[in-house]
Amino acid sequence: MVIRELHGWPSTAEEAEAIQDRLRPMLELDVPGPVAPRTVAGLDVSYAGDGGGTGTPLAAAAVVLDGATLEVVEESVAVGTAAFPYVPGLFAFRELPTLLEALRGLTTTPDLLVCDGFGVAHPRRFGLACHLGVLTGLPAIGVGKTAFVGAYEEVGARRGDASPLLDGGEVVGRVLRTRDGVKPVFVSVGHRTDLDTACRNVLALTPEFRLPETTRRADRLSRDALSSRGIG
DNA sequence: GCGACAG
DNA sequence: ATCTTGTCGC
């Protein structure tokens, strides 16, 4: 896959926000998403010390699964350091450089990117999934474990039940139950997909546990990468 | 103005 | 994100 070059890197929150505002117009949001993706890449990052400021060691993992069988097709890990302090709304700038390095290590060009965190369910409608989507040109979605922006009504107790995530009068995502009686996840569109397809894909990637297999695999790989290199 | 705030 | 014991359940 061709990954857009990172221009300058922000040194202040204002610069980071300006980058988000400049890239947001490049989003393709009202397009149908990949219905039966051949391959799906899961992305996740693990940290070594406290994840507060810049410079913290981290490992980013990209794991490609067969969209139909959910078997691992390819894996890639990259180690680096947090490139920005943790600021809600600017989270992507922390792990973007290392995540892109992990993606560059893949031979496969996945049909879909599944990110930890959010897409347009974001204060400026440009979360990590949007950023990665624009930089790679690939369909991307965000799957968050906790709420960030938006309000929603209680979700039904069964797998597949969902309720819209509303922010500022618009639907920015969907709260989706992936397992009976288990806390739901927050799905939002990142790039080149619609919300319905995004949720269908999340359910397809979640046959057994709360989180998508893509996320679980990437989480384990990034964690192992730290410990096996003596960083954990 | 005050608090809340993805990972 | 990470620091952590015990505990319930498949």
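Per chain, numbering begins at 1; letters A, B, ... match sequence-line order. What's counted below: heavy atoms across the whole structure, side chains too, no hydrogens, waters or symmetry copies.
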Using whole Å, what does the distance between atom [atom2] of nucleotide [N] and atom [atom1] of [X] come to?
| X | N | atom1 | atom2 | result |
| --- | --- | --- | --- | --- |
| A:F118 | B:dC5 | CZ | P | 12 Å |
| A:H131 | B:dG7 | NE2 | C1' | 16 Å |
| A:L226 | C:dC3 | CG | C1' | 15 Å |
| A:F186 | B:dC5 | CZ | C1' | 13 Å |
| A:L128 | C:dA1 | CG | P | 13 Å |
| A:R179 | C:dG9 | CZ | C1' | 11 Å |

Under 4.0 angstrom, heavy atoms only, what part of the nucleic acid is A:L90 near: base, sugar-phosphate, or nothing?
base
Report which part of the nucleic acid A:L58 touches: base, sugar-phosphate, or nothing (heavy-atom distance under 4.0 Å, all strands).
nothing
Taking only side-chain nitrogens and oxygens of A:Y47, does any of them come within less than 4.0 Å of OP1 or OP2 of B:dG7?
no
Tell me whether A:R4 at atom CZ has more than 12 heavy atoms from other residues, nucleotides or ligands lying less than 6.0 Å away.
no
Just wondering, are more than 12 heavy atoms of other shown residues or ligands nearer than 6.0 Å to CZ in A:R200?
no
Derivation of the side chain to side chain contact (heavy atoms under 4.5 Å, CB included) call for A:T98 and A:V45
CA-CA 9 Å; A:T98 314; A:V45 172; 6.0 Å; no
Ring centroid separation A:W9 to A:F84 under 6.0 Å:
no
Close aromatic pair by centroid cut-off 6.0 Å: A:Y152 and A:F186
yes
Any stems for DNA chain C, made of 3 or more Watson-Crick or G-U pairs in a row, each with both distances under 3.5 Å?
none
For DNA chain B, what residues of [range] have any heavy atom nearer than 4.0 Å?
| range | answer |
| --- | --- |
| residues 195-209 of chain A | none |
| residues 11-25 of chain A | none |
| residues 132-169 of chain A | A:G144, A:K145, A:T146, A:A147, A:F148 |

Taking ILVMFWY side chains as joined if any heavy atoms are under 4.5 angstrom apart, and letting links pass through other members, which residues group with A:V35?
none
Identify each donor-acceptor pair in which a side-chain atom of residues 114-131 of chain A lies under 3.5 Å from a protein atom, sequence neighbours left out, and give them as a table.
from   : atom 1 : to     : atom 2 : distance (Å)
A:D116 : OD2    : A:K145 : NZ     : 3.0
A:H122 : ND1    : A:R124 : N      : 2.9
A:H122 : ND1    : A:R125 : N      : 3.4
A:H122 : ND1    : A:F126 : N      : 3.2
A:H122 : NE2    : A:G89  : O      : 2.7
A:R124 : NE     : A:Q20  : OE1    : 2.9
A:R124 : NH2    : A:Q20  : OE1    : 2.9
A:R124 : NH2    : A:G89  : O      : 3.4
A:R125 : NE     : A:E170 : OE2    : 3.2
A:R125 : NH1    : A:H122 : O      : 2.6
A:R125 : NH1    : A:D167 : OD2    : 3.1
A:R125 : NH2    : A:D167 : O      : 3.3
A:R125 : NH2    : A:D167 : OD2    : 3.1
A:R125 : NH2    : A:E170 : OE2    : 3.1

Go through it in stages, so that I can follow the logic: the residues are A:D219 and A:R216, the test is salt bridge (charged side-chain N to carboxylate O under 4.0 Å, His left out), and I'd like the CA-CA distance, side-chain angles, deciding distance and then a yes or no.
CA-CA 5 Å; A:D219 177 82; A:R216 300 184 70 251; over 6 Å; no
Classify the side-chain pair A:D194/A:T197 by whether it contains a donor and acceptor separated by less than 3.5 Å.
yes
A:F91-B:dG7 aromatic stacking (under 5.5 Å, under 30°):
no
